[in-house]
Amino acid sequence: MSLTGNAEATAHQAANSRWLELLTRAGFIGYGIVHLLFAWLALQIAFGKSGEEGNQNGALRTLGAQPLGKFLLITIAVGLVAMAIWQAFEAAIGHRGLRDKDRLFERIASVVRTVVFLWLAWTAVKVFQEASANAADQQQALSERLMASTGGRWLVGLAGLVIAIVGIGMVIYGLKKKFERNLKTGEMSPKTHTVTRRLGMAGYAARGAVFAVAGSLIIVAAVTYDPEKARGLDAALRTMRDQPWGPVVLVLMALGIAAFGIYCFLQSRYRRV
């Protein structure tokens, strides 16, 4: 067997580890908890009652402040690292049963998920160490430094465009029910399948809409040189709230994000890992 074949066989063996599967499935539960807390913060923002930032960083800080919060943070961090390793393997050797175009899309999505899971795991560890600063403030400060030059403003605008495209992609991914190809739908009862489908559609659509708005605001920040708009998800939620019918729309978004959190619990059982 060639060196490449040996490496691929080793990767397949590592990817099929029972421990990695169990930790990844536990990670989905933690990921669901983070999104339920994120949804709660979005509801608080909708009614003007939240002093915490409206993103996953704020959700993790909220969790860390609860009884047993520090233990849960580390547990979630371990699960997220397992999810990142699993998605890295998926990006490298996974999604083989799909058409070439669909496989390419899923492999790119796996790269994005790997980065997201690692970032959330790092954030959870920093919150555990009580060293996590306000992520929205950090993003605004970074954007302000970058936008001090023309090239930096182009870079910020490009980052916003990527985030907006990812958001739109999430909406399409959810509404077209493409997430179902990664689920063991054959093991679901008809009722469970219907519930899972509806939760996934609502969850991906809501998350995608928030990301699309966040990316659009970052683009506007780069064009108008307004770093306050480059605060990511937190700015997106607060901007939505300040529009006509904004609180109503934000409540619907929060419900969609909560739906994604519940969908993550179902993924812990039915996701192909």
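For reference, positions follow the sequence shown, starting with 1.
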Aromatic contact, F265 with F28 (centres under 6.0 Å): no
Within the 6.0 Å centroid threshold, strictly below: Y263 and F179: yes
N-O pairing of K178 and E106 below 4.0 Å: no
Among the clusters formed by ILVMFWY side chains lying less than 4.5 Å apart, do L63 and I29 turn up in the same one? yes
Presence of salt bridge, R18 and E21, under 4.0 angstrom: yes
Going by heavy atoms in the side chains, are M83 and R113 under 4.5 Å from each other? no
Passes side chain to side chain contact (heavy atoms under 4.5 Å, CB included), Q66 versus T62? Steps please. CA-CA 7 Å; Q66 308 308 310; T62 300; 4.1 Å; yes
Donor-acceptor check, side chain of R271 to backbone of L266, threshold 3.5 angstrom: yes or no? no
In sequence, state the C-alpha distance, the side-chain angles, and the governing distance for L199 and F260, and then conclude on side chain to side chain contact (heavy atoms under 4.5 Å, CB included). CA-CA 6 Å; L199 289 171; F260 186 82; over 6 Å; no
Donor-acceptor contact below 3.5 Å, side chain T192 vs main chain M188: no
Under the side chain to side chain contact (heavy atoms under 4.5 Å, CB included) rule, what do T185 and R197 come out as? Steps first, then yes or no, please. CA-CA 10 Å; T185 55; R197 173 182 290 173; over 6 Å; no
Between V171 and A209 the two heavy atoms that sit nearest each other are CG2-N, 3.7 Å
Any donor and acceptor pair, going by atom type alone, linking the side chain of R272 with main-chain N or O of L183 inside 3.5 Å? yes
Check the pair V112 / Q87 against side chain to side chain contact (heavy atoms under 4.5 Å, CB included), numbers first and verdict last. CA-CA 9 Å; V112 174; Q87 280 299 299; over 6 Å; no
If you draw a 6.0 Å radius around NZ in K184, do more than 12 non-hydrogen atoms from other residues or ligands fall strictly inside? yes
Okay, side chain of T114, backbone of A88: is any donor-acceptor separation there less than 3.5 Å? yes
